[in-house]
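Below is one structure, written out as C-alpha cells; comments come after it.
As the structure is a computational prediction, the values presented were derived from the model and not from experiment. The basis for the numbers below is simple: all heavy atoms, side chains too, and nothing from hydrogens, waters or symmetry mates.
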Amino acid sequence: MNKKSIYVASMISLSLTTALAGCSESKPSAGTAANGDASKAKKTVSLSMYDRGNIPPEVGTIENNLWTKWIQEKTNMNITFSPVPRGESVQKFNTLFASGSAPNLIQEYDGVFRNQLYNQKQIIPIDDMINKYSTVYKEQLTKFPLLKKLGVKDDGKLYEFGRVLGYVPYHYVLVREDWLKKLNLKAPETTEDLFQIAKAFANQDPDGNGKKDTYGLNLSTTLPGNDLWVDYMFQNTTWVLQDGKWVKDWDRVKAATEFKKKLFDEGIIDKDYLTDKNGKKAQQDFVQGKTGIYGTGGGIRGFYSSAYETLKKNVPDAKLIAIPLPKSSFGQFTPPFNPPVQMTSVVNTSTKDQEAVMKLVDFLSSPDMIKASYFGQEGVHYKLENGKETIINADKNKKEVDWLSDLRMIGGQYLYNEFDTQIKSFDTSKPVEKEFVDLMNEVYKIYINKERPLSNITLGGYMPQLPSDMDFINKTLNDATNPIKDLYNKAIVSGSGYSVEQADQEAKSLWKKSDGDKLEKWYQDWYGKNKDQLVTQKDLFDMNFK
C-alpha cells in the first residue's frame, strides 16, 4: 500500500480504539443495579440527521436503519437520531428549540442559522469538552488549525465542529489544443493573448468545415454566476484589500466589462449568452465542438458524463489542455476552489452529558466511520484489491450505502478526498477515461496552486458573518437579480447606445442610494478590528493532508 493507505489503516485502528474506549461501559444487569453497583448505564445522546427522503423503505428510516444500529453497537450508546427535512431544516430546528426538544448535537450546513443560535445563546462553547473527553477530534484540531479558526466566535471561544475535506478545484479553463496547433497558436498567457486567440477561433474556421460557426469562448456556464471565470482574471470580485483596507472595487469591474464588451462587439462569443441562464446552450456548443476556450467547473465526474464524454463522441480528435487564468493588468489569480474545511455542527445548551456528545463526535470523526460512509462494510459491501476498495455489488451499495453522505458532516473526510475518490472511479485502461484523468490531474496542479493569489479576499464560505441589517443591504445589491450587474450587462450588449462609462457612473450612484457605502464601512471596521480572524491564502494553502 502507499503511504496514504498505511496512514489511513493505522488511523482507523488508533481512532476506533480511542473513540470507543470511553463509550464501552456495559449496561448493568438488574441484580447489580439493585445492589447499588457503581456501574453506569449506557450513555444517551441525540443528534440531528437530514431527512432527504432517499432511504429505500426496505432498509429503514432515518431514525432506524442498518447504520443507526451499527453506530449504536460500535459506540455502545443509546443514540436518538432526530430527522430534519433538508430543504426546511431551519424551520424544523426553530420548532424543536421552541418546544425544548432540539437534539444535543445540531448538524446544519447553514452558517447563518448556526450564528443565530450563538447570538441567541442556544449553543455552548466546546473547548472544555474537547480537552476533557476527546482524542480523535482533538488530534484533528491540532493537525488543522483552520478547523479551530473557523469555529471560534467573537467571544474567543470555540463553538463549532467541522469537517476537513481537502482540496477540490471548482473553476477551470480548458482550451482546444488541436485548434491551437491547426492555427499555429500558443496557449494564452495574458488576457490580450486570450482575446486574440479567441478571435482566431471564431474567425479562422478551426474545425475546417468551411463555415463561420465557431465561438472563441463562452461567457455563460453551468456554474452559478455565469461569466465569473472572466471576472476572476480581472479580480472583479466586489471587494479587494487595498493599502491595508477592505474596499469596494470599481476599477476591476470596469476593466472586466470592457473586455466582455469587446468580445461581444467582435462576434467572438454567443450574442445570446445572457439568456443562457444555466449554461446549457454554451455546454451544447462545447460538446458539439464549436467552442475553443471553455470556462467551466464543478464535480469532475459530472463534467465527464455531461460534457467531456459527449465531446469525444462527437469530435474524437478533440484534444483539451488546462490553462491557468491568463494574467490581466491587475495580476494573475487563482479562482476560488471548494472550501477545504467546512463548519457544520454545534451543541445545544440543554445538553446534560457533554462527554456522551464528545464521544459520539469522536466516533463520527474517526476514519473507520468515514470509510464506512463511503464504501460500507468490508466483506459485505466492498473488498480490498491492491489497496483499493472494490465494490462487491453495485446494486446493494446503491440501496445500503450511497445515501450516507450526511454521516460525513464531522471529521477527516480528506482521507477520502472527493477529487481523489472521483479520479479513482475512472477506468484508465480505457483511452478516453485515461485522457480525462490526465487532464483533471493537470487541472488540480494548476488550480490548487499558492504561487498565484486567490482572486477573492477569501473563499465565499469564509467571509465575515454580516449582521441582519448589513445582510439585507448586501442581498439587495448582490442577489440573483443583481441590479448593478444588470447595468454592466446592458453596456456589454448595447453597442454604442450605452457605454461602459455610463454603466459605471449609474452603478456607483445605485450603490450609494442602496446604502452600499454603509456595507463597505462595516467591512472596513470589521477588518480593522478582526483581521487576524480572516482566513488568508496562507491558512488555505498551508494545510497538510498527508
Side-chain angles (χ1 to χ4, degrees), residues 2-23 75 105 107 111 114 118 123-168 337-347 354-371 373 407-418 420 448 450 458-459 461-462 530-546:
N2 58 31
K3 290 181 179 178
K4 184 173 181 180
S5 297
I6 294 171
Y7 171 77
V8 171
S10 63
M11 280 298 294
I12 288 173
S13 175
L14 172 62
S15 63
L16 187 54
T17 300
T18 54
L20 301 183
C23 307
T75 58
L105 184 63
Q107 297 191 105
R114 297 196 312 273
Y118 164 71
I123 59 175
I124 59 173
I126 57 178
D127 312 73
D128 288 345
M129 74 168 71
I130 292 172
N131 290 332
K132 289 179 182 178
Y133 307 121
S134 178
T135 53
V136 180
Y137 196 82
K138 183 189 291 186
E139 181 180 344
Q140 291 176 4
L141 279 176
T142 301
K143 185 175 176 63
F144 302 108
L146 187 54
L147 195 60
K148 183 172 183 178
K149 188 171 189 175
L150 288 167
V152 170
K153 297 297 185 183
D154 56 15
D155 64 357
K157 297 178 182 178
L158 183 64
Y159 283 84
E160 297 186 332
F161 293 111
R163 59 180 183 166
V164 183
L165 300 166
Y167 298 128
V168 182
F337 42 86
N338 277 7
V341 172
Q342 183 181 25
M343 308 315 292
T344 61
S345 308
V346 291
V347 179
Q354 294 185 14
E355 182 179 4
V357 172
M358 195 65 249
K359 294 306 178 183
L360 177 59
V361 168
D362 265 11
F363 180 76
L364 295 175
S365 301
S366 69
D368 187 63
M369 178 68 253
I370 293 166
K371 184 172 186 176
S373 73
L407 286 175
R408 298 195 291 268
M409 290 184 69
I410 299 176
Q413 211 176 315
Y414 71 95
L415 295 171
Y416 302 95
N417 172 276
E418 180 186 339
D420 295 335
I448 306 297
K450 64 182 177 182
T458 190
L459 297 181
Y462 301 159
N530 305 286
K531 64 179 63 177
D532 291 342
Q533 294 180 27
L534 182 70
V535 176
T536 65
Q537 175 154 321
K538 187 176 188 304
D539 292 327
L540 291 169
F541 283 107
D542 278 359
M543 302 183 73
N544 180 12
F545 296 112
K546 295 180 181 179

Working note: K148 + L158, criterion side-chain contact (heavy atoms from CB on, under 4.5 Å); need CA distance, chi angles, decisive distance, verdict. CA-CA 7 Å; K148 183 172 183 178; L158 183 64; 4.3 Å; yes
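- Here the side chain of R163 pairs no donor or acceptor atom with the backbone of T344 at under 3.5 angstrom.
- Checked against side chain to side chain contact (heavy atoms under 4.5 Å, CB included), L150 has the following partners two or more places apart in sequence or in another chain: L146, V341, M343, Y462, V535.
- Side-chain contact between Y137 and L364 is absent, with no heavy atoms from C-beta onward closer than 4.5 Å.
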Does the pair V361 and M129 meet the rule for a side-chain contact (heavy atoms from CB on, under 4.5 Å), with working shown? CA-CA 11 Å; V361 168; M129 74 168 71; over 6 Å; no
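- Of all the heavy atoms in I410 and S365, the pair that sits closest is CG2-OG, 3.1 Å.
- Here the shortest heavy-atom pairing between K359 and Y133 reads NZ-O, 2.6 Å.
- Within the 3.5 Å criterion, the main-chain N or O of I370 finds no donor-acceptor partner in the side chain of Q413.
- Between D154 and Y118, the side chains place a donor N or O and an acceptor N or O closer than 3.5 Å (distance only, hydrogens not considered).
- Relative orientation of the F337 and Y167 rings is perpendicular, given thresholds of 30° and 60° on the angle between their planes.
- Put simply, the side chain of L459 reaches to within 4.5 Å of the side chain of P340, judged on heavy atoms.
- Minimum interatomic distance between L105 and S345 (heavy atoms only, all atoms of both residues): CD1-CB, 4.1 Å.
- Heavy atoms only, all atoms of each residue included: V164 and M543 are closest at CG1-CE, 4.2 Å.
- A donor-acceptor pair is defined here as one N or O able to donate and one able to accept, closer than 3.5 Å; such a pair exists between the side chain of K138 and the backbone of N131.
- At distances below 3.5 Å, at least one donor-acceptor pair connects side-chain atoms of N417 with backbone N or O atoms of D420.
- For the side-chain hydrogen bond (donor to acceptor under 3.5 Å, both in side chains) test, residues two or more places apart in sequence or in another chain that qualify with E418 are Q422.
- Atom CZ of F541 sits about 6.0 Å away from atom CD1 of I448, to the nearest 0.5 Å.
- You'll find the side chain of I130 reaches within 4.5 Å of the side chain of M358, heavy atoms only.
- Here NZ of K157 is found 12.5 Å from CD1 of I126. Values are rounded to the nearest 0.5 Å.
- Under the rule for a side chain to side chain contact (heavy atoms under 4.5 Å, CB included), the partners of T536 that lie at least two apart in sequence or sit in another chain are K538, D539.
- Atom CD of Q354 is separated from atom CG of D128 by 7.5 Å, given to the nearest 0.5 angstrom.
- Pairing each heavy atom of M409 with each of Q107, the nearest pair is CB-OE1, 3.6 Å.
- When side chains are defined from C-beta on, R114 does not count as touching Y159, because their heavy atoms never get closer than 4.5 Å.
- The backbone N or O of S134 lies less than 3.5 Å from no partner atom in the side chain of D362, so there is not a single donor-acceptor pair.
- Put simply, the side chain of L165 does not reach to within 4.5 Å of the side chain of N338, judged on heavy atoms.
- In K149, the NZ atom is crowded: over 12 heavy atoms of neighbouring residues, nucleotides or ligands sit closer than 6.0 Å.
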